[in-house]
Amino acid sequence: MSPPRKSKASSPASLVEPARREAIRAGLLAWYDRQKRDLPWRRTRDPYAIWLSEVMLQQTQVATVIPYWERFLQRFPTVEALAAAPLPDVLAGWRGLGYYSRARNLHRAAQEIVSRFGGRLPSTAAELLTLPGFGRYTAGAVASIAFSEPAPLVDGNVARVLSRLFEIEGAPGDKAREARLWELATALVPGERPGDFNQALMEHGATVCRPEKPLCLLCPVREQCLAYRHGRVDELPPAKVRAAPKRMTLAVAVWAHEGRLLLARRSEKGLFGGLWELPTAEVEDDTSDPDSATKLAEALGAEVSVRGHLGTVRRQLTHRALSLRLLRVTGRQHPTRAPAFQELRWCTPNEASSLGMSTAMHKALEAAVSAGALHD
DNA sequence: CATTCGTGGCG
DNA sequence: TCGCCAAGAAT
């Protein structure tokens, strides 16, 4: 029989002792005002630009995002411009950034913002949540940063900071833990400058309350930190358990004809959805060349024969170990459409390299060309 | 609730 | 060379 748990807080703010709440808020905000990094999306108040930064920053580091964000905004400066662009152009702007469903959802959301909201982002987290690509985090981030709504957010940084401050047990993904973290974030955010407070929480997690070797001696809220008081900073939160990456082998058709290569655009769903590639077909690791040719022929809806090997490109993703086996192929007819692909195109290497294409396929393309794919 | 979806940096 | 992971969302 467990002792009666604290009754469910009637108002979120009462979840945290008022004095403690104010100490945490004031400490983090003052620290943020002194120490925040000068990031380009902190120099704008354009909700669209802020939204774009939040989407790009999902599971992606600040340093990686900066050049993409600037380039993308030049190419698609407004919601209307983005909504009007063809998806392949949008994916080309996203090329190399990864998690391409973010770009597809961004594009769809832009179109909905035009059709449903007259081209202006809605200003509340509740409304933002109805748009593709907006989860709880991104809705809270845009609502608070761009529109000053006291909407909470919990990302990986915030989860770590709050886990330590309040000594929350449980591993990432644990339902009770997540609920508790969102309650705490909800309790803390009401007050002045909710957007800055949310960014302060994240910035603190990114630079001081880091996963490894946190800088507790520089921490502005150390005196409020239960994990610090109890010497448990290094054990909170516990690391996420990840599944071992699965092997995936793709036969890649390197089909050259009069100085051009056959390119294909993948289906919208799944891995590298909507991106261009040298046509691929998934095969078993030990598939023979003739069997690979059969798979590629099915995908392309054309007769295909293998003329030789141009090497193998390996690529490690979070959850997959990719093996791209480059096969020089040819056939009697030169297909211009195919059952497994949205679109086919015969491109010069220059044209090909400007298409929206995964980094894995870019490397494969380079490898094929330098192995002499265009010669006999 | 578990799985899927990329990439580059860093120790 | 390799494991770990970073401002998550969709299914």
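Worth saying up front: this structure is predicted, and the values here are computed from it rather than measured. Numbers restart at 1 for each chain; the letters A, B, ... are given by sequence-line order, proteins then strands.
- With 3.5 Å as the limit, one finds no donor-acceptor pair spanning the side chains of E203(A) and Q35(A).
- A donor atom on one side chain and an acceptor atom on the other are found under 3.5 Å apart for T60(A) and R102(A).
- A sub-4.0 Å separation between OP1 or OP2 of dC5(B) and a side-chain N or O of R320(A) is present.
- When side chains are defined from C-beta on, E277(A) does not count as touching R265(A), because their heavy atoms never get closer than 4.5 Å.
- Counting heavy atoms from C-beta outward, V221(A) and W31(A) have side chains that stay 4.5 Å or more apart.
- Within a heavy-atom distance below 4.0 Å of DNA chain B, no residue of residues 128-139 of chain A is found.
- Contact check, R315(A) against dG8(B): a side-chain N or O comes under 4.0 Å of OP1 or OP2.
- E149(A) and S123(A) form no side-chain donor-acceptor contact under 3.5 Å, judged by distance and modelled atom types alone.
- Checked by distance alone, T318(A) brings a side-chain donor or acceptor within 3.5 Å of a matching partner on the base of dT7(B).
- One finds a salt bridge joining R180(A) and E183(A) here, because a Lys/Arg side-chain nitrogen approaches an Asp/Glu carboxylate oxygen to under 4.0 Å.
- Shown for residues 65-85 of chain A: no residue has heavy atoms falling under 4.0 angstrom of DNA chain B.
- Residue T359(A) places at least one side-chain N or O under 4.0 Å from the OP1 or OP2 atom of dT7(B).
- Residue H319(A) places none of its side-chain N or O atoms closer than 4.0 Å to OP1 or OP2 of dT4(B).
- Looking at D33(A) and R193(A), a side-chain N of the basic residue comes within less than 4.0 Å of a carboxylate O on the acidic one, giving a salt bridge.
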Please enumerate all protein N or O atoms sitting under 3.5 Å from an N or O of nucleotides 2-4 of chain C, with distances to 0.1 Å.
none

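- With 3.5 Å as the limit, one finds a donor-acceptor pair spanning the side chains of R177(A) and S163(A).
- A parallel orientation is assigned to the rings of W51(A) and F134(A), their planes being inclined by less than 30° (bins at 30° and 60°).
- Within a heavy-atom distance below 4.0 Å of DNA chain C, the residues of residues 23-59 of chain A found are R37(A), L39(A), W41(A), R42(A), E54(A), L57(A), Q58(A), Q59(A).
- The K175(A) side chain lies nearest to dC1(B) when the options are dC5(B), dT4(B), dC1(B).
- At a non-hydrogen distance threshold of 4.0 Å, nothing from residues 105-116 of chain A comes into contact with DNA chain B.
- Within the 4.0 angstrom heavy-atom criterion, no nucleotide atom of any strand lies near G273(A).
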Set out, line by line, the N/O atom pairs under 3.5 Å between protein and nucleotides 9-11 of chain B.
none

